[in-house]
There are 2 protein chains.
Amino acid sequence: MKLITRDTDYALRAVCFIAKNKERLYPVSSLVKNLRIPGPFLRKLLQVLHNKGILNSFKGKGGGFSLAKPPEDIFLTDIMHIFQGEFCLNECSLGKGICPHTKDCPLRERILRIEKYVRKELSSVAVASLIK
Amino acid sequence: MKLITRDTDYALRAVCFIAKNKERLYPVSSLVKNLRIPGPFLRKLLQVLHNKGILNSFKGKGGGFSLAKPPEDIFLTDIMHIFQGEFCLNECSLGKGICPHTKDCPLRERILRIEKYVRKELSSVAVASLIK
DNA sequence: AGTTAATGATACCATAATAGTATCATATGT
DNA sequence: ACATATGATACTATTATGGTATCATTAACT
Ligand code: FES
Ligand code: FES
């Protein structure tokens, strides 16, 4: 079981790499060389990050990507949320609304507690803290 | 993201149901009626639980499944382990051995901490505590 | 103006994991 | 013998994942 999927992992690596030199523009080709991530795939991910306001992008010759905000303000949870959706550990396999135990299920209680803890831990991780 | 997969969830429900009446034998057909889980699928799961020593099974007319040990000694983690393998949150998407950061990766450290916590929480959940 | 190097948008594809079915063999109580 | 159960295992359908391919657009540099 992975807490962090490949999408998120790749994206995070790229963001961290870009964050190390805030001024420069990094075209996908340059990131590919440094990070060894399949080009077209990485490109797709960066486009998403751009649409979500994490990265700036500049088209045309000499263009590329840069951070859209300071690395202190980009959190692991932001990127996880973009690629993995709402973080939620406690989905009952009987659907919500179907399951008659949702209210008093003892397992649910416990998993909610775990979820809360994990969420707290992850939300304290900023990109800035990962690039030192 | 689910901490507990459908396999585990179904299996756990079945085990809990069986645990409520330790003496009786429950054939799959009876569990299907009570738990609304697809029959052939549940059957497969129960066979696995039997092979792993969680359930007893008795063939032939009047046969079925029963617990192989007291519900205090069956843990959520046992069932998770059977259907979901070793619990591990921190798989780096660069493979182990490939990733040059494995030693000093700041993310890895944090995720290991989370993993430890979650593991501890889950391992305290016995079937006995779920059937009251 | 034309070429080159970049992203934007989106459709497509291949593989693997998940969820579930089907079948035949074997055992057992009546 | 027959009905009812599990054992073992092969098969299948659906979805998620990981990745490609293509065409359009934009911009710098001759
Ligand atoms: S069984 Fe549905 S919420 Fe726990
Ligand atoms: S990047 Fe590989 S262990 Fe963190």
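Proteins come first, then strands; the chains are lettered A, B, ... in the order of their sequence lines, and each starts at number 1.
Residues from residues 46-55 of chain A lying near DNA chain D, meaning a heavy-atom separation below 4.0 Å, are absent. Listed by residue number, A:Lys59, A:Gly60, A:Lys61, A:Gly64, A:Phe65 are the residues of residues 59-68 of chain A with a heavy-atom contact under 4.0 Å to DNA chain C.
Rounded to 10 degrees, the angle separating the terminal helix axes of the helix from C:dA1-D:dT30 to C:dT30-D:dA1, each built from five base pairs, is 10°.
Taking every nucleotide of DNA chain C with any atom under 4.0 Å from a non-hydrogen atom of chain B, the first and last of them, 5' to 3', are C:dA19 to C:dG29.
At D:dG7, one or more side-chain N or O atoms of B:Ser57 fall inside 4.0 Å of OP1 or OP2 (strictly under the cut-off).
The ring pair (Phe, Tyr, Trp, His ring centres under 6.0 Å) contacts involving residues 14-68 of chain A comprise A:Tyr10-A:Phe41, A:Phe17-A:Tyr26, where partners must be two or more places apart or lie in separate chains.
The shortest side-chain heavy-atom distance between B:Leu31 and B:Ile18 falls under the 4.5 Å cut-off. Side-chain contact check for B:Thr5 versus B:Asp9: every heavy-atom pair is 4.5 Å or farther apart. Looking only at side-chain heavy atoms (C-beta outward), A:Val32 and A:Ile37 stay at 4.5 Å or farther from each other. Residues A:Cys88 and B:Lys2 form no side-chain contact, since every pair of their non-hydrogen atoms from C-beta on lies 4.5 Å or further apart. In this structure, A:Leu89 and A:Leu112 have side chains that are not in contact, with every pair of non-hydrogen atoms separated by 4.5 Å or more.
Surrounding NZ of A:Lys116 are at most 12 heavy atoms belonging to other residues, nucleotides or ligands under 6.0 Å away. The number of heavy atoms from other shown groups lying within 6.0 Å of CZ (B:Arg119) is above 12. Annotation: B:Arg113, atom CZ; neighbour count of heavy atoms from other residues, nucleotides and ligands within 6.0 Å does not exceed 12.
Heavy-atom minimum distance, B:Leu107 versus A:Leu130: N-CD2, 4.1 Å. What you find for A:Ser123 and A:Phe75 is that their closest heavy atoms are O-CD2, 3.5 Å. Of all heavy-atom pairs spanning A:Met80 and A:Leu3, the tightest one is CE-O, 3.4 Å.
The closest donor-acceptor contact from the side chain of B:Asn90 to the backbone of B:Arg108 lies at 3.5 Å or more, if one exists at all.
Residues B:Leu25 and B:Ile131 fall into different hydrophobic clusters, defined by Ile, Leu, Val, Met, Phe, Trp and Tyr side chains chained together at heavy-atom separations under 4.5 Å.
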List the protein contact pattern of nucleotides 12-21 of chain D with one symbol per nucleotide (5' to 3'): B for base contact, S for sugar-phosphate-only contact, - for none; contact means a heavy-atom distance under 4.0 Å.
------SBB-
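Between A:Lys120 and A:Glu115, no side-chain nitrogen of the basic residue sits less than 4.0 Å from a carboxylate oxygen of the acidic one, so the salt-bridge criterion is not met.
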